[in-house]
Amino acid sequence: MTSQQFGAVQWGIIGCGDVTEVKSGPALQKAARSRLVSVMRRDGAKAADYAARHNVPRSTDDADALIHDPEVTAVYVATPPNSHADYAARALRAGKDVLLEKPIALTMAECDAIEAAVQETGRKLSVAYYRRALPRFETLREIAQGDVIGDVNLIEVRQFKRADDVSGQSWKIDPSVGGGGSFVDMQTHTLDWLSYVYGRPAQIKGLKKQVLDLHAAEDFVSYLADFGGVTVSSLCHYSAAIEEEYALLHGTKGTAKMGLFRPSEIELVVDGAAEAISLPDPAHVHQPFVERVVAHFLDDAPNPCSAADGRVSTELVEEIFAGL
């Protein structure tokens, strides 16, 4: 059966962990023409518990059983990045469309394999860079591309966090599983959004370090990127003494500032006058993006983030980590 025959996208989740509890899982249930019919986790008891709490009809500890379930027409892969390429290819070859968590994969070879599977099967795949659809990010994009603060020429990106607290999610500081540390886990969102707004940068150079040597992953990353007329300067420190994060856009007439990983107003200063734009995030932040994915899967609407789009941030991380 296809999504069109059901009249809706019938989702199965591979990896019903933390990201699916509030951000994405309920979004698959609440978006129009979208149903969550099965979930999988290697720990079958945890999968069953998730299904009971979220009113999902079925659960399993077998990824192949979910992938080949005839009522599942699309698979949301929400596992750590080191399994993305495998699960995405298996789902596509089983005739399912795929929503793939970010980052798309660990390596360029894995990105190539995912894109090849999309071409081979003719199925659809979107990468879950959901900030592309959040209202406050869309408003910031309009500011970045418009004349509200004049021509934007510099963007400062800053993220300071205290030493990584990843209790229960140690894969996030294991480069063999997640591709890096907090920078890869979080700032690929920023790199994707910048590329969404301005296209791929002409050049990008970075520096990564282990400041406290607490784990195998980096805890300090800085980079400079040239997006044509816009320079991006980023400083990310994950063993800092303070907590602070924002993007600050500098234009010829003023500035726009917004937090990228916390609820935040857009703070405008134009010709010396301050204004705040409040656009609260929805309860389930993936939902606006899921609605675009559903329209793509069912109606052939534009893909909100294709495999080719999704690989850009992974390429940029590789270039940043290559050093100066």
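Fair warning: this is a prediction, and the values are worked out from it, not measured in the lab.
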Please examine the side chains of [Y] and [X], heavy atoms only from C-beta on, and report whether any two atoms are closer than 4.5 Å.
X      : Y      : result
Val290 : Tyr130 : no
Cys111 : Thr314 : yes
Met186 : Lys161 : yes
Phe183 : Ile320 : yes
Ile204 : Val232 : no
Ser38  : Glu71  : no
Leu235 : Phe220 : yes

Donor-acceptor contact below 3.5 Å, side chain [X] vs main chain [Y]:
X      : Y      : answer
His215 : Ala217 : yes
Asp309 : Pro304 : no
Gln210 : Asp219 : no
Arg292 : Cys305 : no
Ser34  : Leu28  : yes
His250 : Ile155 : no
Ser222 : Ser234 : yes
His84  : Glu101 : yes
Arg131 : Leu260 : yes
Arg93  : Glu120 : no

Rounded to the nearest 0.5 Å, what's the gap from [atom1] on [X] to [atom2] on [Y]? Could you check?
X      : Y      : atom1 : atom2 : result
Arg90  : Lys96  : CZ    : NZ    : 13.5 Å
Thr107 : Asp112 : OG1   : CG    : 8.0 Å
Thr231 : Leu154 : OG1   : CG    : 6.5 Å
Gln187 : Ser313 : CD    : OG    : 11.0 Å
Arg311 : Ile114 : CZ    : CD1   : 9.5 Å
Leu268 : Lys253 : CG    : NZ    : 11.5 Å

Return yes if a side-chain donor-acceptor contact under 3.5 Å exists between [X] and [Y], otherwise no.
X      : Y      : answer
Thr79  : Tyr87  : no
Thr252 : Asp151 : no
Thr20  : Tyr76  : no
Tyr238 : Glu218 : no
Ser182 : Asp185 : no

Over 12 foreign heavy atoms within 6.0 Å of CZ, Arg200: yes
Does Arg132 form a side-chain contact (heavy atoms from CB on, under 4.5 Å) with Asp192? I'd like the steps, not just the answer. CA-CA 9 Å; Arg132 289 175 174 235; Asp192 175 76; 2.9 Å; yes
Transitively linked via ILVMFWY side-chain contacts under 4.5 Å: [X] with [Y]?
X      : Y      : answer
Phe261 : Val197 : yes
Trp11  : Val22  : no
Val77  : Leu106 : no
Tyr196 : Val293 : yes
Met258 : Tyr246 : no

Heavy atoms only: give me the nearest [X]-[Y] pair and the separation to one decimal.
X      : Y      : result
Ser126 : Asn303 : OG-OD1, 2.7 Å
Leu125 : Ala307 : CD2-CB, 3.9 Å
Ala91  : Val98  : CB-CG2, 3.7 Å
Val127 : Gly310 : CG2-CA, 4.1 Å
Gly178 : Val184 : O-CG1, 3.5 Å
Arg136 : Ser264 : CD-O, 3.6 Å

Yes or no on side-chain contact (heavy atoms from CB on, under 4.5 Å) for Gln29 and His284, after CA distance, side-chain angles and deciding distance? CA-CA 10 Å; Gln29 296 171 300; His284 311 292; over 6 Å; no
Among Thr2, Leu36, Val294, exactly one meets side chain to side chain contact (heavy atoms under 4.5 Å, CB included) together with Val9. Which residue is that? Val294
Trace of the side-chain contact (heavy atoms from CB on, under 4.5 Å) decision for Leu191 with Tyr223: CA-CA 11 Å; Leu191 290 166; Tyr223 68 84; 3.5 Å; yes
Pair Asp18, Lys172 - check salt bridge (charged side-chain N to carboxylate O under 4.0 Å, His left out), show working. CA-CA 12 Å; Asp18 286 353; Lys172 289 189 175 182; over 6 Å; no
Let me see the working for Gln203 and Asp226 under side-chain contact (heavy atoms from CB on, under 4.5 Å), right down to the final yes or no. CA-CA 5 Å; Gln203 59 178 330; Asp226 176 11; 3.9 Å; yes
Anything under 30° is parallel, anything over 60° is perpendicular, the rest tilted; go ahead and classify Phe160 against His237. perpendicular
Does Phe297 have Lys124 sitting over its ring (NZ/CZ under 6.0 Å from centre, angle to axis within 45°)? no
